[in-house]
A.B. asks: 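Attaching a single structure in structure tokens format; questions to follow.
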Amino acid sequence: MKTEILAPCGGMESLIAAVRCGADAVYFGTKKFNARRSADNFDFDSLSKAVSYCRERNVKVYITVNTLVSDGEMKEAYDTVFQCMKAGVDAFIVQDLGLAKMIKNCFPEARLHASTQCSVNTPEGFKELERLGFSRAVLPREMSLDEINEIRKNVNMELEIFVHGALCMCVSGQCYLSSVLGGRSGNRGLCAQPCRLSFSADNSASFDLSLKDLSLISHIKKIQDAGIISLKIEGRMKRPEYVAAAVRACKKALGGEYNQDTETTLKNVFSRSGFTDGYFTGERKNMFGTRRKEDVISADTVLKDLARLYEKEPQVIPVDMEFTCKNGEESTLKATANGKTVKVCGAVPEKAINVPLTSESIRERLSKLGGTPYFLSEIKIDLEGGLMLSASEINELRRTAVSELGKTTVPTFSQYEFPEIKAKKDNRKPYFTARFQSASQIPESHPFRRIFIPVWADNSDFEKTHAGAEIPRGLFGYEEKLKARLAELKALGVKDILAGNLGAYKTAEAMGFNVFADWGLNIYNSLSAQQFNSPLLSFELTLKQANAVNASDTGIVAYGKLPLMLTRNCPVKNRIGCKECNKNGVLTDRKGYKFPVRCSPYPCVEIFNPLPLILSDRVNEIHTDFIHFYFTDESADEVIRICDMFNNNKNTLEKYTRGLYFKGVK
């Protein structure tokens, strides 16, 4: 299969730049439900025009519906998908598993691509995406080449990889920094990028959460060899010149012509202290950078030249023509391109008085295809001698034929009615569950129906507490290690698993554990919740929304210092080193708040909110089936005190947050 160059389009000008510079496919969003809601995006009218433009030029269109969708928004999402299907889009890029289920049930012919926001990072996770009906998945940016090869060996689905563009510090889909701090959710398409502000590991006002931009274009041959079929460029918020430069660079790399001049142009048009390939190569040094003054100034030197790349329509589609001109009959032109044939009729020719038509003059007129994507390939001319047809009439035949060729037909598709989602109305008193960072935090007598400690805790801790095991969300390259550890725990008698990652959930389920869904699965609606056992709902929901989710045995996190980021590159290690940190790292923001940073034996680092979420004095407003406590650094005595607050509907904490349960996210 041909390697695809997939370009970002925040608006029509970027789409034209992408197509004219040689993109094989483009991706963009409508006005809602896409992860770049601040881009211009496309309304349904401009969507249809954009799809027609692309289809005529053999360019595929993928629509981003890659945000979390609430129950109250699901019908509007259904209507959006319907309009996109009517326009003839080729696929939908989806994060929300509930939305994916709705699309597959209501529009069976729809093709689904799993967004990198799904946070899947193990072979078992990608296998589950296949089982759920996804035909393609976008790989996490944090994967090494070896890890990519492992995924490719284990699944049949198409794989797509980001080869150029912005690189988030956090694993996609697992960032709550923008939502918790400012109410603008990355999972809902409105990330405010607070990570680009100062977060310092050494109180130097450094920018320890800001990574350089990613560029893997020089590694495209290795990516092809790994069986990746789509090269994705990030940048729906970027200008058209950026899109043009990145598409052209990918085309050059595929042709073996990528060089330093091309990379310099890419750096000039946009970079943050240059580029990095650290995750792909496994060399995670020198990955941090910011947008400097010199980076901004350098863009002025290349923008005009880049704009010229897409000023004119390139003629890349061959068209074959058959022209017939006979005495007493209408002139006709048959044109064939892209497997489509049209026939148009013109005027009846007259007897020539002076200069009769010739094959050469007809060819000259019909080959004037400038301003269209077509060029004349073969032509057959059936011409009787001594006839005359004006140049304007021949030109009109050509224009009409080209116009007819450009009209696209949309494949028929099945459509089933939207299933009504009824709110849950069960107001029973919630029971308690909890996770602990350490077994030492667990009181001898506690009120929790289920308790969990990290999967890497000592065997004796599991035997002593009878706790279940919490699996970390980031498992890059660690699936086999996890399976071995789970087998060991099963032999000890551990029965329960808490999993916030799709691959981990299915791995533990296949091994016979009772698996419970953690909040890292971003369960935001009833259709998602119904796919998991005892799901902990996303803490980006309002309390009212969470209460209404209609699924069996749902819960919310009602206490804890929320994890705001899951990262594969430790910001503290980068700035001061592991020895100085001693597993007690802290990031200080520009306002003086201190965010704990914690590592583990697994390959990711977590960054926590400094203030605990607590709903102990609002517990009567919680109508989910259970309440979950997320304990991090509390002592056993503090755990008892916090439980007492919940039992007595009181809150004695001086500093705390309500999270997003009452203000929600944009």
A.B. asks: Nearest 0.5 Å, what's the CD-CZ distance between E580 and R575?
C.D. replies: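 Spacing of CD (E580) from CZ (R575) equals 13.0 Å.
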A.B. asks: By the salt bridge (charged side-chain N to carboxylate O under 4.0 Å, His left out) test, which pairs, at least two apart or in different chains, include something from residues 236-249?
C.D. replies: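 Listed once each, the pairs are E234-K238, R239-E241.
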A.B. asks: Only distances under 3.5 Å count here; give the side-chain donor-acceptor pairs of residues 219-226 to other protein atoms, sequence neighbours excluded, each with its distance to 0.1 Å.
C.D. replies:
from, atom 1, to, atom 2, distance (Å)
H219, NE2, D277, OD2, 2.8
K221, NZ, D225, OD1, 3.1
K221, NZ, D225, OD2, 3.0
Q224, NE2, T3, OG1, 2.9

A.B. asks: Between D617 and K650 (salt bridge meaning N to carboxylate O under 4.0 Å), is one present in this structure?
C.D. replies: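 Salt bridge flag = no for K650 with D617.
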A.B. asks: With sequence neighbours excluded, tell me which residues meet ring pair (Phe, Tyr, Trp, His ring centres under 6.0 Å) with F608.
C.D. replies: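 Result, ring pair (Phe, Tyr, Trp, His ring centres under 6.0 Å) vs F608: none returned.
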A.B. asks: Run N187 and Q95 through side chain to side chain donor-acceptor pair (under 3.5 Å) and show every step you take.
C.D. replies: CA-CA 9 Å; N187 284 316; Q95 171 189 10; 3.1 Å; yes
A.B. asks: Taking C-beta and beyond as the side chain, do I607 and P563 meet within less than 4.5 Å on heavy atoms?
C.D. replies: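 No, side chains not in contact.
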A.B. asks: Might you point out which heavy atoms bring V180 and L562 nearest each other, and give the distance in Å?
C.D. replies: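 So the minimum-distance heavy-atom pair works out to CG2-CD1, 4.4 Å.
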A.B. asks: Locate the shortest heavy-atom distance separating T657 from L611; write the atom from each residue and the value.
C.D. replies: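 In terms of heavy atoms, the two residues are closest at CG2-O, 3.9 Å.
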A.B. asks: For the backbone of N582 and the side chain of N584, can you confirm whether one donor and one acceptor N or O come within less than 3.5 Å of each other?
C.D. replies: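 Side chain of N584 to backbone of N582: a pair is present.
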A.B. asks: Test salt bridge (Lys or Arg N to Asp or Glu O under 4.0 Å) on E540 and K663; report intermediate values, then the result.
C.D. replies: CA-CA 10 Å; E540 291 190 305; K663 63 182 180 181; over 6 Å; no
A.B. asks: Between M565 and C195, which heavy-atom pair has the shortest distance, and what is it?
C.D. replies: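 Nearest heavy atoms, M565 then C195: CE-CB, 3.7 Å.
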A.B. asks: For R272 and D213, indicate whether the former's side chain and the latter's backbone hold a donor-acceptor pair under 3.5 Å.
C.D. replies: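 Not a single qualifying donor-acceptor pair exists.
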A.B. asks: Please say whether the positively charged group of K232, taken as NZ for Lys or CZ for Arg, lies over the ring of Y62, i.e. under 6.0 angstrom from the six-membered ring centre and within 45 degrees of the axis.
C.D. replies: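 No, K232 and Y62 do not form such a contact.
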A.B. asks: Using a cut-off of 6.0 Å, state whether more than 12 heavy atoms not belonging to K573 lie near its atom NZ.
C.D. replies: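 Atom NZ in K573 is not crowded, with 12 or fewer foreign heavy atoms closer than 6.0 Å.
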A.B. asks: Answer yes or no: does atom CD of E638 have more than 12 heavy-atom neighbours from other residues, nucleotides or ligands under 6.0 Å?
C.D. replies: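 For E638, atom CD is crowded (more than 12 foreign heavy atoms under 6.0 Å).
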A.B. asks: What closest approach, in Å, do M143 and F476 show between heavy atoms, and which atom pair accounts for it?
C.D. replies: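 Of all heavy-atom pairs spanning M143 and F476, the closest is CG-CD2, 3.9 Å.
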A.B. asks: Taking the six-membered ring for Trp, are F432 and F646 parallel (under 30°), tilted (30 to 60°) or perpendicular (over 60°)?
C.D. replies: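 The rings of F432 and F646 stand perpendicular, inter-plane angle above 60°.
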A.B. asks: Can you list the steps and then say if Y176 with F539 is a ring-ring contact (aromatic ring centres under 6.0 Å, His included)?
C.D. replies: CA-CA 9 Å; Y176 309 96; F539 51 71; 4.8 Å; yes
A.B. asks: Classify the ring geometry between F448 and F631 as parallel (under 30°), tilted (30 to 60°) or perpendicular (over 60°).
C.D. replies: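 Rings of F448 and F631: perpendicular, as their planes differ by over 60°.
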A.B. asks: Set out, in order, the CA-CA distance, both residues' side-chain angles and the distance that settles salt bridge (Lys or Arg N to Asp or Glu O under 4.0 Å) for E606 and R598, then state yes or no.
C.D. replies: CA-CA 5 Å; E606 290 187 294; R598 297 292 178 264; over 6 Å; no
A.B. asks: Just by modelled atom types, is the Y258 backbone N or O under 3.5 Å from a matching donor or acceptor in the T262 side chain?
C.D. replies: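 Not confirmed, T262 side chain does not pair with Y258 backbone.
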A.B. asks: Looking at F288, is K212 sitting on its ring face, NZ or CZ under 6.0 Å from the six-membered ring centre and within 45 degrees of the normal?
C.D. replies: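 No cation-pi geometry.
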A.B. asks: With a cut-off of under 6.0 Å to the ring centre and 45° to the axis, is R435 in cation-pi contact with Y630?
C.D. replies: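 Flagged: R435 positioned over aromatic ring of Y630.
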A.B. asks: Just checking F199 against F207, ring centres under 6.0 Å apart?
C.D. replies: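 No, they do not, as the ring centres are separated by 6.0 Å or more.
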A.B. asks: Quick one, L197 and R590 - any side-chain contact, counting heavy atoms below 4.5 Å?
C.D. replies: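 The answer is yes; the side chains approach within 4.5 Å.
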A.B. asks: Take atom CZ in F662; do more than 12 heavy atoms of anything else shown fall under 6.0 Å from it?
C.D. replies: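 Yes, enclosed.
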